[in-house]
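Structure record follows, encoded as C-alpha cells.
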Amino acid sequence: MKIEDYLKEKKQLVDQALDQYLPGEDQYPQSIHRAMRYSVLGDGKRIRPILALASCEACGGKLEEILPVACGIEMIHAYSLIHDDLPALDNDDFRRDRPSCHKQFGEATAILAGDALLTLGMRLFGKPSDSEVCRAVLEVMAHGAGTDGMIGGQVIDLEVKPADRDQPTLEYIHTRKTGALIAASVKAGAVVAGADDGSVEKLTRFGECIGLVFQIVDDILDNEDYAVLFGPAKARQEARHLTDKAKEQIAFLGERGEVLTEIADMLVSRLK
Ligand code: GRG
C-alpha cells in the first residue's frame, strides 16, 4: 500500500472513532460538547494518532486496542492547540482554516473545552483490555503532556525571548513542546502492542528524533527559532541527519518498520 493511501485510510479510521468517543453535540451541556467537537473534528493531519497506530502495528499489536488510545492522544493535541491560541498565549484568531475555539465559542468555553479534552483523553488511556498496559500508557502520556514534556516546553517558550535562545534552550523547548507528544504517541503504540523493553526504547528514540524534526521543519516553514539560529540550509541538514538517526533506531523492525520509515521521510520533506 502506498503511504498516501495508508495515511488516508488511518485518518478516516481515527476520524470515525473520534466522532464516536466525543460527546454528541446535543448532549447536555451542549455548549462545551460543541466546542470540543469543533476543535477536535476540524481538518487536522492526525499525525500523532496515526503514529501510535503505525507503531502498534509494527510491533504486532491489535488496532482495536490502540484506537481509543490514539483518539485520546489527538484530544490532548486538540486541547493544546485550543489553549495555545488563547489571548494569554499565542492569541491566534484562526486554527485549521477557521476561527479558533475562543473566537467561535468565547474564552471561558474554550478554556473549559481544552480542560475537558485533556480529561477525556486520559479516560481513553484506560481502554486497553490489559490493566497493566493501561497503567503504562497513562504514565507515558502524562509524562509526554506534563511539565517534563509539552507543558514544560511551552513554559520555557514563553519565558525565554527568541533572541536569547541558545542551542540547549532551543533543544529543551522543541524536544518538549512539540516533540514529547509525538514521541509519546510512538511509545504508547509499542506499549499497547506489548513490545519488549528494548523495542519500546528504540521506538521511543525514533519518536524523539522525528518529533524534533517536526519542529525544525515547522521553524523552517515559519522562519523561526532553528531556522533563525542556524539558517534554513543548516536547519534542513540537521532535520535530515535526525531523520537518518530515527530510521536507524527502527532498522530492527525490518519490513514491519516500513510505514514508520515512510512517515519519517514524509515529515522531513513536508512543505506545510
Ligand atoms: C498551551 C498546553 C499548551 C501547549 C502548547 C503544541 C503546543 C504546546 C503548541 C502549539 C503551537 C504550535 C502551532 C506549534 C508548532 C508545531 C505544532 C504542534 C503544530 C500543530 O500540529 P500539526 O501540524 O496540526 O500536527 P494539525 O492541525 O495537523 O493537527
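Start at 1 and go down the list; that is how both ligands and their atoms are numbered.
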Could I get the full list of side-chain contact (heavy atoms from CB on, under 4.5 Å) partners for R176, not counting sequence neighbours?
-> D148, Y172
Salt-bridge criterion met for K103 and D92 (N-O under 4.0 Å) = no
Hey, is NZ on K127 packed in by over 12 heavy atoms from elsewhere, all under 6.0 Å?
-> no
Does R46 pair with E74 as a salt bridge, N-O distance under 4.0 Å?
-> yes
Distances under 3.5 Å, N/O of ligand 1 against N/O of the protein: list each pair and its distance.
from	atom 1	to	atom 2	distance (Å)
ligand 1	21 (O)	R48	NH2	3.3
ligand 1	23 (O)	K45	NZ	2.5
ligand 1	25 (O)	R48	NH1	2.8
ligand 1	25 (O)	R48	NH2	3.4
ligand 1	27 (O)	R96	NE	2.9
ligand 1	28 (O)	K45	N	2.9
ligand 1	28 (O)	K45	NZ	2.9
ligand 1	29 (O)	H77	NE2	2.8
ligand 1	29 (O)	R96	NH2	2.8

Minimum side-chain heavy-atom gap L253-L203 below 4.5 Å | yes
Taking the side chain as C-beta and beyond, is there a heavy-atom pair between Y226 and Q215 under 4.5 Å?
-> no
